Amino acid sequence: MTGANSFSVSGYGPARAGWTRLFARDSLARRLDWPILLSAIALSLMGSMLVFSATRNRTEINQGDPYFFLERHLMNLGIGFALMLATLWLGHRALRNAVPVLYGASVLLALVVLTPLGATINGQRNWIVIGGFSVQPAEFLKIAIILGMAMLLSARVDAGDKPFPDHRTVAQSLGLAAVPCMILLLMPDLGSVLAMVAIILGVLLASGSSNRWVFGLLAAGVVGCIAIWQLHILDQYQINRFAAFANPDLDPAGVGYNTNQARIAIGSGGLTGAGLFHGSQTTGQFVPEQQTDFVFTVAGEELGFLGAGFIIFLIGVILWRACRIARDSTELYGTIVAAGIVAWFAFQSFENIGMTLGIMPVTGLPLPFVSYGGSSMFAVWVAVGLLQSIKVQRPMSA
């Protein structure tokens, strides 16, 4: 049928027809990965409540407004969701053509941190503060590295010229990743460098590159860590954090204070927690940086093992579905991008939660979707947009 009646379905009129098309088998709504989307939304909303609980009584940082951080966290979530939709609309394939521009812009933004425009927040000089707004370029470098390495490693494979990346291509991709890693070391931002290394390993494994590159990278990482230690590249506060991790009783009132208070908060939560807004450690403001680095302690104390476990479960759902997207992609480029995001989310979640439990050193990495921070929220939602794009642009038969 053509004309106005072409939009009617079984006599129910245009509205019913539009609804039917929206959820048809080949529609965008049906092809989205809803477990990832709903899990990311749930984590972000849970994070807003945890951030609110951690900051509502902290007049020294909330400017006398108990809703200061909550409103900004929700605003960041809204912007992040819009960025996800924009990424989905553009598509990961279209962004592939823009990788040189995105990579160059991200690197230049990171270099600005090393200029007088760079700012030190919580002991780390990895921020840019302009007009009251702060940006952490390291979060966008993670996306740039994933897209850049995926573009190089998949180019000849997706074109049908080679079954897997050759050694020259792998070397070029590692060179591309080395530049931002060196910039981060100059800040120094060791936590972000570790996240980059996890991403690079995930990308290489997904690309089908020779295992010699993977083992070589691991060996180079060990040598690099020794060199960093011997050349005194790290700041003293970073060295103290590793010392406190190795020996929690070294300075319980100083460098080990954060970790000790975090474990007390989580341990006091028990099975069901003290109840939202009723945690004594949180209300008493005993855990520093609780809205960012140590937001998981709020969940452990106020929501207990069940609530904290639910956060880990939601993160697990995102990782599981992202692995399926990587596996089912019909192009190597999509597989590598999805695998890089999995490595990023998995390492950063494990590191953040692990440092609150005392099983990982404190590095300042945020908990994806949950911690307060605009740069992190924007970056992880762009990553969700990339995953959704890979999913919806896959042929239905795949």
Side-chain angles (χ1 to χ4, degrees), residues 39-77 80 121-122 191 241 248 256-318 345 348-377 380:
S39 295
I41 292 174
L43 282 171
S44 299
L45 293 178
M46 286 186 69
S48 67
M49 290 294 97
L50 299 178
V51 167
F52 177 53
S53 179
T55 59
R56 61 194 178 93
N57 293 325
R58 299 203 168 187
T59 55
E60 75 280 5
I61 61 173
N62 66 17
Q63 302 181 17
D65 179 7
Y67 299 98
F68 180 85
F69 283 93
L70 173 63
E71 292 171 351
R72 280 153 183 77
H73 187 86
L74 292 175
M75 181 182 68
N76 292 336
L77 170 57
I121 299 178
N122 298 330
R241 284 179 174 181
Y257 177 81
N258 290 17
T259 303
N260 289 331
Q261 293 300 319
R263 287 187 292 182
I264 292 172
I266 293 176
S268 65
L271 181 63
T272 59
L276 194 61
F277 311 136
H278 292 90
S280 59
Q281 291 289 111
T282 300
T283 303
Q285 306 175 20
F286 290 104
V287 184
E289 308 305 329
Q290 205 168 14
Q291 75 276 13
T292 52
D293 299 352
F294 291 92
V295 70
F296 190 75
T297 63
V298 186
E301 180 181 26
E302 299 188 344
L303 305 181
F305 176 80
L306 295 179
F310 185 62
I311 289 177
I312 297 175
F313 169 77
L314 291 175
I315 294 172
V317 170
I318 294 176
F345 285 5
Q348 198 155 306
S349 299
F350 180 79
E351 164 59 28
N352 179 276
I353 296 173
M355 72 183 187
T356 64
L357 298 175
I359 62 174
M360 293 292 287
V362 176
T363 58
L365 288 175
L367 184 59
F369 302 102
V370 182
S371 292
Y372 175 81
S375 299
S376 175
M377 186 68 79
V380 295

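This structure is a prediction, so every number in the text was calculated from the model and none was measured.
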Query raised in the report: So does F68 have more than 12 non-hydrogen atoms from other groups sitting under 6.0 Å from CZ?
Result: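 It does: F68 CZ has more than 12 such atoms within range.
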Query raised in the report: If you draw a 6.0 Å radius around CZ in F277, do more than 12 non-hydrogen atoms from other residues or ligands fall strictly inside?
Result: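 Correct, the count exceeds 12.
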Looking at every heavy atom in both [X] and [Y], which two are closest together, and how far apart are they?
X: L276; Y: E302; answer: CD1-OE1, 3.5 Å
X: V362; Y: M355; answer: CA-SD, 3.8 Å
X: A262; Y: F294; answer: CB-CD2, 3.8 Å
X: H73; Y: V370; answer: CE1-O, 3.5 Å
X: T282; Y: A54; answer: CG2-CA, 3.8 Å

To the nearest 0.5 angstrom, please state how far the [atom1] atom of [X] sits from the [atom2] atom of [Y].
X: T283; Y: N57; atom1: OG1; atom2: CG; answer: 6.0 Å
X: E301; Y: Q290; atom1: CD; atom2: CD; answer: 7.0 Å
X: S280; Y: I264; atom1: OG; atom2: CD1; answer: 9.5 Å
X: L365; Y: I353; atom1: CG; atom2: CD1; answer: 12.5 Å
X: T356; Y: D293; atom1: OG1; atom2: CG; answer: 10.5 Å
X: L70; Y: D65; atom1: CG; atom2: CG; answer: 9.5 Å

Min side-chain heavy-atom separation [X]-[Y] under 4.5 Å:
X: V298; Y: Q281; value: no
X: N352; Y: Q348; value: no
X: R58; Y: F69; value: no

Requested in this report: Report yes or no: do T363 and E351 form a side-chain donor-acceptor pair below 3.5 Å?
Outcome: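 A pair is found: one side chain offers a donor N or O, the other an acceptor, under 3.5 Å apart.
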Report task. Answer with yes or no whether the side chains of T55 and Q291 bring together a donor and an acceptor at under 3.5 Å. Result ->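 Result is no, nothing qualifies.
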Query - Centroid-centroid under 6.0 Å between F52 and Y67 rings - result: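 Ring centres of Y67 and F52 closer than 6.0 Å.
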Query raised in the report: Of V317, L367, I315, V380, which is the lone residue that meets side-chain contact (heavy atoms from CB on, under 4.5 Å) with L43?
Result: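 Only one of V317, L367, I315, V380 forms a side-chain contact (heavy atoms from CB on, under 4.5 Å) with L43, namely I315.
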Requested in this report: Going by the side-chain contact (heavy atoms from CB on, under 4.5 Å) test, name the single residue among I41, I318, L45 that passes it with F369.
Outcome: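 Among the candidates, only I318 passes.
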Query raised in the report: Quick check: does any side chain N or O of S44 sit under 3.5 Å from a backbone N or O of A40, one acting as donor and the other as acceptor?
Result: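 Pair found, side chain donor or acceptor close to backbone of A40.
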Requested in this report: Kindly say whether R72 contributes a backbone atom to a donor-acceptor pair with the side chain of N76 at under 3.5 angstrom?
Outcome: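 Such a contact is found between N76 side chain and R72 backbone.
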Query raised in the report: Between T292 and V295, does a side chain to side chain contact (heavy atoms under 4.5 Å, CB included) hold up when you go through it step by step?
Result: CA-CA 6 Å; T292 52; V295 70; over 6 Å; no
